[in-house]
2 protein chains.
Amino acid sequence: MDRYLRMTHQREVILDELRRSKTHPTADELYERIKKKLPRVSLATVYRNLEILSEAGLIKKLEISGRQKRFDWDPGEHDHVYCIHCQRVDNITLAAPAPEVEPMRQQGYRITGRRIEFSGLCPKCLRQQETKKTKGERAMACASCTTSKVSDTQRQVLEALANSPEACGSKELAAATGLEAKQISCQITALKNKGYVASPARCKYEITEQGKNVLG
Amino acid sequence: MDRYLRMTHQREVILDELRRSKTHPTADELYERIKKKLPRVSLATVYRNLEILSEAGLIKKLEISGRQKRFDWDPGEHDHVYCIHCQRVDNITLAAPAPEVEPMRQQGYRITGRRIEFSGLCPKCLRQQETKKTKGERAMACASCTTSKVSDTQRQVLEALANSPEACGSKELAAATGLEAKQISCQITALKNKGYVASPARCKYEITEQGKNVLG
DNA sequence: ATGTATTTGATAATCATTCGCAAGTCAAGG
DNA sequence: CCTTGACTTGCGAATGATTATCAAATACAT
């Protein structure tokens, strides 16, 4: 005897919206889409219902690496790949149909679930990566904090800042440049030292006049 | 040319403390232990160094299901089980030595990593579960919100509250009773309706005189 | 229709983790 | 031994994702 579950309008829309998505959206992404149909929904409602629906087995909550959880309209058992660059998650079919079992109750555990998860670069990010020939930039990133001229990476960051209408955080810069958040903060520090970037508020950055000259 | 890595005292202690732990501690657990040796360390330092050390490949960051990340002194490739009840994480050895591969670049992805993760009940929680014969309590939990007498689960929660010297949150109650957080909040609501529990502050609960009578 | 358990919206709270900053350290080169 | 500049640390405040609270609104069996 399961707990009673009402089919409210918002519940319906949430389920419907998830089912029509080919990707595995986060609660937040789903919320943005649902707002278009139900402008008054609360983010909490989306979270609540995703939780309830996955408890009821109608959908599945994916706890892939990373911060945000994603949701899958298909509650059946299957595995995933995620892109370490853009965080996208896709289904994947294993070559060996038999996953693998282990001596039941290994170490005294009673096993009730298993999860297999691959990671790598999705086609899109792969292409992007190849055209950018990253060179040894990454390891050198922090060493370049004091050189007077800006590196390619720093130029990228500066350009992103120049294009932003207002001060933005490192997350946005990471998204705009396609660089890792790690790198961003390091580059920001370097750029601040050079006087090309200013921080009007904590965690917010903007390009200085001096910085614009570098780009120009 | 890797980035220059200093071996500071705190770095040393953090690495040492992780290496001597048989389990896979969270940053927070590690912090608690390290504080005993270095009373002035900052939690941020622990996080920072765990991140740096795992980037350097000296340790490994585990992104197991759940909120907190855990750390493994063994950076070699191996798989894990975690207890869905107490969150403990252990190593596990697979029966089939060859996990499984899939047609490289499936769906256009360039695969660079894979993770296999089992879940279940650890020996300790298994025993605890068996002695408690949970019955159908769980499904009925919310339906019982209005019955006048308290359920076994509610009694458990009340006892935990009675034992607490001050008002406590649902997380603590979950820990004290071994129940799911979900259930706790439901039971708290029921107990508040009955007048056995009061909430002196948001998210904090305490037992009322009336509640104590029920227990007595 | 009606009573009532469930659900919603809005918002505050939580928790794990990260960031900014100023002060402190370290190692190599004078 | 003393500089120097990159690396680190402690601290507190900020972030981001998710969850909880609570009064008001709903949906459903009867």
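Naming convention: chains lettered A, B, ... in sequence-line order (proteins, then strands); numbering from 1 in each chain. Hydrogens, waters and symmetry mates are skipped; everything else that's a heavy atom, side chains included, is used. Here the structure is a predicted model, which means the values were calculated and not measured.
A close approach under 4.0 Å does occur between a side-chain nitrogen or oxygen of A/R11 and OP1 or OP2 of C/dT7. The side chain of A/Q10 places an N or O atom within less than 4.0 Å of a non-bridging phosphate oxygen (OP1 or OP2) of C/dG9. Regarding contacts with the backbone of D/dT9, a side-chain N or O of B/T8 is found under 4.0 angstrom from either OP1 or OP2. For D/dT19, the OP1/OP2 oxygens have no side-chain nitrogen or oxygen of A/Y47 closer than 4.0 Å. The side chain of B/T26 places no N or O atom within less than 4.0 Å of a non-bridging phosphate oxygen (OP1 or OP2) of C/dA16. In this structure, B/T45 reaches the D/dG10 phosphate: one of its side-chain N or O atoms is under 4.0 Å from OP1 or OP2.
As a whole-Å value, the separation of A/R67 CZ from C/dT14 P is 23 Å. Distance A/I34 CD1 to C/dT8 P: 11 Å, rounded to the nearest Å. Atom P of nucleotide D/dA17 and atom CZ of A/R70 are separated by 11 Å, given to the nearest angstrom. Counting to the nearest Å, the C1' atom of D/dA20 and the CD1 atom of A/I52 are 13 Å from each other. Rounded to whole Å, atom P of D/dT19 lies 16 Å from atom OH of A/Y31. Atom CD of B/E51 and atom P of C/dT17 are 10 Å apart (whole Å). Nucleotide D/dA17 holds its C1' atom 7 Å from the CD atom of A/Q68, rounded to whole Å. Rounded to an integer number of Å, the gap from CD of B/Q87 to P of C/dC15 is 14 Å.
Position along DNA chain C of the nearest nucleotide to A/V41 versus B/L43 favours A/V41 as the more 5'-ward residue. Two residues, B/F71 and B/H9, neighbour DNA chain C, and the one matched to the more 5' nucleotide by heavy-atom proximity is B/F71.
Among the heavy atoms of the strands lying under 4.0 Å from B/N49 are primed sugar atoms or P, OP1, OP2 only; no base atom is included. Here B/M7 lies out of heavy-atom contact (under 4.0 Å) with every strand. If you check every strand for non-hydrogen atoms under 4.0 Å, B/R40 touches sugar and phosphate atoms only.
A salt bridge does not link B/K61 to B/E55: none of the charged nitrogens lies less than 4.0 Å from a carboxylate oxygen. A salt bridge does not link A/R115 to A/E63: none of the charged nitrogens lies less than 4.0 Å from a carboxylate oxygen. Looking at B/E32 and B/K35, a side-chain N of the basic residue comes within less than 4.0 Å of a carboxylate O on the acidic one, giving a salt bridge. A salt bridge is absent between B/D72 and B/R70: the closest approach of a Lys/Arg side-chain nitrogen to an acidic carboxylate oxygen does not fall below 4.0 angstrom.
Relative to the side chain of B/R6, the nucleotides C/dT25, C/dA5, C/dC19 differ in distance, and C/dT25 lies closest.
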Checking A/H24 against A/N91 for the side-chain hydrogen bond (donor to acceptor under 3.5 Å, both in side chains) test, could you report, in this order, the C-alpha distance in whole Å, the side-chain angles of both residues, the deciding distance, and whether it holds? CA-CA 9 Å; A/H24 301 82; A/N91 291 340; 3.0 Å; yes
